[in-house]
Amino acid sequence: MGSATRHRLWVTFLVTPPLAVMAMFVVYPILSAFSYAFFSWHGLSREAFVGLENFADLFAKPHYAQPIMRAFGHNLIVLAALLVVQNGGGFLLAWFLYREPFGFRFHRVAVFLPVILSSVIVAFLWKLLLHPNFGAVNGALNAAGLGNLALPWLGDSRTALAALIFANAWHWIGFPTLVFLAGMQRIPREVLESAELDGASQIQVLRRIVWPLAAPSATVTFTLLFIGAFNWFELPYLMTGLEGSPFGSTDVLGLVFYRLAFGNQSASVQDFGHGSALATLLFLFMAAVATAATIRLRRREIAL
Amino acid sequence: MIAITRRLSIAAAAAVALVGGFSGVASAQTELTFWTWRQEDRAAYQIFFQAFEKANPGIKVRFEGFEPANYQTILSTALAGGRGPDVMQVRAYGNLESIAKPGYLMALDKTNAPETANFPDSALAAESLRADGKVYALPFASQTMLVVYNTELFTKHGVTPPQSWDELVALCKALKAKGVMPFANGTATAWQNETIVQALLSSLLGKEFEADLLSGKADFTDPRFVGALTKLNELKDYFAPNFSGIDYASSQQLFAAGSAAMFAGGSYEVAAFQKQNPRLKLGVFASPPAKAGEPSLVAVFYDGGYAVNARTDKKEAALKLVRWLGTPEFGTMLSSALQNVSPIKGVRAEAPAVQQVMKLNESAMSYLMLVHFRYQEPSGSVLLQAGVQKMLAGQTTPAEVGAEITKGIATYYAPFKK
């Protein structure tokens, strides 16, 4: 046996088990979920092959299309808002921690602490804090003489989505902070020192040096945020319910998918066909955008 | 040496006896599995099944409870995989269809289960498939939409259950003036809006409206429906403060803590309130009619039933159990142990609260959306819940809610297509 053949055999031997595991537990489930979308279903029994009909229904029938388009709009709002509050806030927090102010070790832990809590706990906590009558938020507003700003946050269609976004940012802001902080710590000190010697202001340093040099961190946090925003489910499900109360103002694609595929107490229909069709479209959309965004953002990164 | 052989032979004899004994048990005993989403009723069911096992020697029943929210999924997955229990609790109406239609359940009729005759038609309809009209489960309990009230608060403030809508409004006004929250209800949990509508508005809607919906003479733009919603709008100032942000759990707590005088909801709340606060003294009344003296209605639906797995290999024993679950003897046990209203004819309840609900049930309409419009998408319940939630938030009118519901249901309901 030639050494090249032996090498190839060795590589095949090493690569086969992980490939088999991937194929069985990742590729196969995804493909079978795709295949469900091409059939009509009755409960869990698969019936006729219907081609692309399930996909067409999602756009053509208003009782599918309307909630889907509304939910898609909400996912976009969530993405935009979290991009500013969670990632933007994370960047500023990272800069604050990077400069090692008094007690920065404590702050570093405090900022990251909520990330390790489970969504169930965060949802329960914020539901209590935002409770219209006994919640700490309205309690504080009343005590500060701002009683007319005390709203039923989760029950008012104008504030419910914003309240969820805020709770989500509180939960996750530690993650982009940590990633940006690691990115900043990779920037050579000399670069920053020479900028300061040249008389650059804090804002100039942040905009022209730190931000471009922390670009790899921005790529990672944006991509993960995008995926998270379009897969958003736990927090709205736990805080405002499967219907996206009040009257759909917190409805997002994850909830629409769940209702379609698994039904709910108030709608007896389980429909894996249309549910899988929506899941397939969502997967393709996210894969396409995440790939395009990564390629685009990578180009912006500068090798040090 | 002799001692050892003797010991060995005794051991061998014991082993033979043991094995023989076990196989003897196995051949005489049939073990049935019973699935339910009512985990909290485990203790009560152990007692029911003991009574059944006593009357039917040779059959044992094993109780297995599952999480309610996922029960339907777990059950249909198991049945689709050819497994699943021998006997099970199934839900009613649209949820029954998704289990019965693929043929997972054994059809019950006069010949294989004469106990079907013990039930009123409306109860059997809840457990029938619309396509073939056959019954697939024997119903176990009915639930009633009504108003639960705190009798102590009523007595303390000198008020009595209202005989008309205007009296209800006056009563709320009087309670509020005395610093008592009239209704504990909130609208943040979507399905609460549907229970509120039928607990408070059934008498204004009327049985005739239900009949007209089914015959196609009326839809939800009908003045009876729009008028009733308009009345509901008058009442929202008497719900919990900031009611749009009060969810189901919060409103239950408000009532159970004695902070509110009334709760518009289901008869199933009575047992829940008693459990949260055993000192609470409760009464129930039906939704008030427009004018005193007119009939006042509650809205009734059936929770679910007991069904036999069509593919079980213990058909005979399973059928025996389900037939027993359809006897007045069992109905009486269920009613006294779980404070439920049994739909079985001839069952007499002991608990005063259950007796009161049974009395109200004599004048009832259906819990409309669940009973008639929860079979297809978009579900009438979902449309009603979102519409009423929006209306009570002041963002839409009763007429618009009626039009939206009609438009949604008309996509599949022939009588509405005009």
Side-chain angles (χ1 to χ4, degrees), chain A residues 41-47 57 61-64 66-67 70 124 127-128 130-135 137-138 150-160 163 237-251 258-272 274-275, chain B residues 68-70 72-73 76-81 91 93-99 101-104 186-191 193-194 240-250 254 369-370 374-393 395-396 407-408 411:
Chain A
W41 288 74
H42 204 283
L44 277 171
S45 64
R46 199 172 71 183
E47 277 157 27
D57 282 351
K61 294 195 175 161
H63 71 274
Y64 292 122
Q66 278 169 4
R70 182 180 61 191
F124 182 69
K127 244 187 122 164
L128 276 182
L130 293 168
H131 193 286
N133 301 347
F134 327 113
V137 172
N138 282 358
L151 293 170
W153 302 99
L154 292 168
D156 191 318
S157 58
R158 294 162 303 176
T159 56
Y237 176 73
L238 292 162
M239 289 178 73
T240 51
L242 196 46
E243 298 291 339
S245 269
F247 42 93
S249 58
T250 59
D251 203 10
Y258 189 98
R259 291 202 306 268
L260 264 181
F262 301 106
N264 72 7
Q265 295 276 39
S266 304
S268 312
V269 186
Q270 290 185 336
D271 181 355
F272 281 1
H274 289 97
Chain B
N70 296 321
Q72 189 82 358
T73 313
S76 47
T77 313
L79 291 170
R91 291 202 164 101
Y93 309 109
N95 273 322
L96 173 85
E97 293 226 331
S98 65
I99 303 266
K101 212 170 175 186
Y104 300 141
T187 63
T189 303
W191 63 269
N193 294 281
E194 188 177 359
N242 287 314
F243 62 84
S244 71
I246 299 292
D247 64 1
Y248 178 46
S250 295
L254 285 172
M369 293 303 193
L370 168 62
R374 220 188 259 189
Y375 293 87
Q376 263 160 298
E377 290 285 354
S379 137
S381 292
V382 170
L383 294 167
L384 176 69
Q385 291 166 13
V388 170
Q389 201 177 34
K390 198 169 180 179
M391 178 192 86
L392 291 173
Q395 295 193 28
T396 188
K407 199 178 96 191
T411 56

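Bear in mind the structure is a predicted one, so any value in this text is a computation, not a measurement. Order of the sequence lines sets the chain letters (A, B, ...), proteins ahead of strands, with each chain counted from 1. Only heavy atoms go into these numbers, but all of them, side chains included; no hydrogens, no water, no symmetry mates.
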Inset, instruction - May I have the step-by-step check of side chain to side chain donor-acceptor pair (under 3.5 Å) for B:S250 and A:H131, ending in yes or no? - result: CA-CA 9 Å; B:S250 295; A:H131 193 286; 3.0 Å; yes

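- For the atom pair OG of B:S98 and CH2 of A:W41, the computed distance is 13.5 Å after rounding to the nearest 0.5 Å.
- Interface check for chain A: of the options B:A386, B:G94, B:S381, B:S244, the most heavy-atom pairs under 4.5 Å are formed by B:S244.
- Of the listed residues A:G135, A:G155, A:S157, the one with more heavy-atom pairs under 4.5 angstrom with chain B than any other is A:G155.
- The two residues A:F247 and B:A393 have their closest heavy-atom pair at CE2-CB, 3.9 Å.
- The contact between B:L254 and chain A is made entirely by side chain atoms (from C-beta outward), counting heavy-atom distances below 4.5 Å.
- Interatomic distance, CG of B:N242 versus CG of A:L154, reported as 12.0 Å (0.5 Å rounding).
- Counting heavy atoms from C-beta on, the side chains of A:P132 and B:I246 come closer than 4.5 Å.
- Your options are B:Q395, B:M369, B:E194, B:R91, and the one with the most heavy-atom pairs under 4.5 Å with chain A is B:Q395.
- Between chain A and the residues B:R374, B:Q385, B:K101, the largest count of heavy-atom pairs under 4.5 Å involves B:R374.
- If you measure heavy-atom distances from B:D247 to chain A, the contacts under 4.5 Å come from the side chain alone.
- Closest non-hydrogen pair, A:S266 versus B:S379, comes out as O-OG, 2.6 Å.
- Using a 4.5 Å heavy-atom cutoff, the side chains of A:E243 and B:V382 are in contact.
- Judged as a side-chain hydrogen bond (donor to acceptor under 3.5 Å, both in side chains), and not counting sequence neighbours, the contacts of A:R259 are A:D251.
- Residue B:P378 forms a side chain to side chain contact (heavy atoms under 4.5 Å, CB included) with just one option from A:K61, A:H63, A:Q66, and that option is A:H63.
- Proximity of A:P246 to B:K390: side-chain heavy atoms (C-beta onward) are nowhere separated by under 4.5 Å.
- The part of A:K127 that comes within reach of chain B is its side chain, from C-beta onward, which places non-hydrogen atoms under 4.5 angstrom from that chain.
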